[in-house]
Amino acid sequence: AEEDSAELFKSLAAIDVKGTDVTSNEMAKTHARYLAGARPGDLPGERLIRFEFPEHSGSLAAFLGSLTPEMFLTLLHYRNHGGQVGKVLAGITLPPEKHAEFY
């Protein structure tokens, strides 16, 4: 497997494409492999956050309701494998003056 990865990265480098091995990255295994398609690139003020919330009726609505009017949801990916919590990856843009409050 490592030899295959090395060969793949070598082939990519030959055509000026940079690759990153995310085999041991939990976020990649949980979310990123399901995300495909075009993203507009760098979005000014966008923050990517990953969190878990309880798996019960109303959890998603509560999260969405907590967003303030100046926040814009750019990405929302939710995963649950039948457990007690759902794993969420979200992208949110907000004005620069609100960044400190967000954390």
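This structure is a prediction, so every number in the text was calculated from the model and none was measured.
- Here Met71 contributes atom CE and Ser66 contributes atom OG; the two are 7.0 Å apart, rounded to the nearest 0.5 Å.
- At a threshold of 4.5 Å between non-hydrogen side-chain atoms, the residues Lys98 and Glu70 count as touching.
- Residues Leu73 and Leu64 have side chains in contact (heavy-atom distance under 4.5 Å, counting atoms from C-beta outward).
- Contact annotation: the side chain of Val85 never approaches that of Phe51 to less than 4.5 Å [non-hydrogen atoms, C-beta and beyond].
- Atom CG of Leu75 and atom CD of Glu46 lie 7.0 Å apart (nearest 0.5 Å).
- Within the 4.5 Å cutoff, the side chain of Leu67 has no heavy atoms near those of the Phe72 side chain.
- Using a 4.5 Å heavy-atom threshold, the side chains of Ile92 and Thr74 count as separate.
- With a 6.0 Å radius and a threshold of 12 heavy atoms from other residues, nucleotides or ligands, Glu97 has its CD atom above the threshold.
- Note: Lys87 NZ to His77 NE2 = 12.0 Å, rounded to the nearest 0.5 Å.
- Ser59 places no side-chain N or O within donor-acceptor distance of the main-chain N or O of Phe53, the cut-off being under 3.5 Å.
- Summarising the geometry, atom CG belonging to Leu12 is positioned 10.5 Å from atom CD belonging to Glu7; distances are rounded to the nearest 0.5 Å.
- Contact annotation: the side chain of Leu60 approaches that of Leu76 to within less than 4.5 Å [non-hydrogen atoms, C-beta and beyond].
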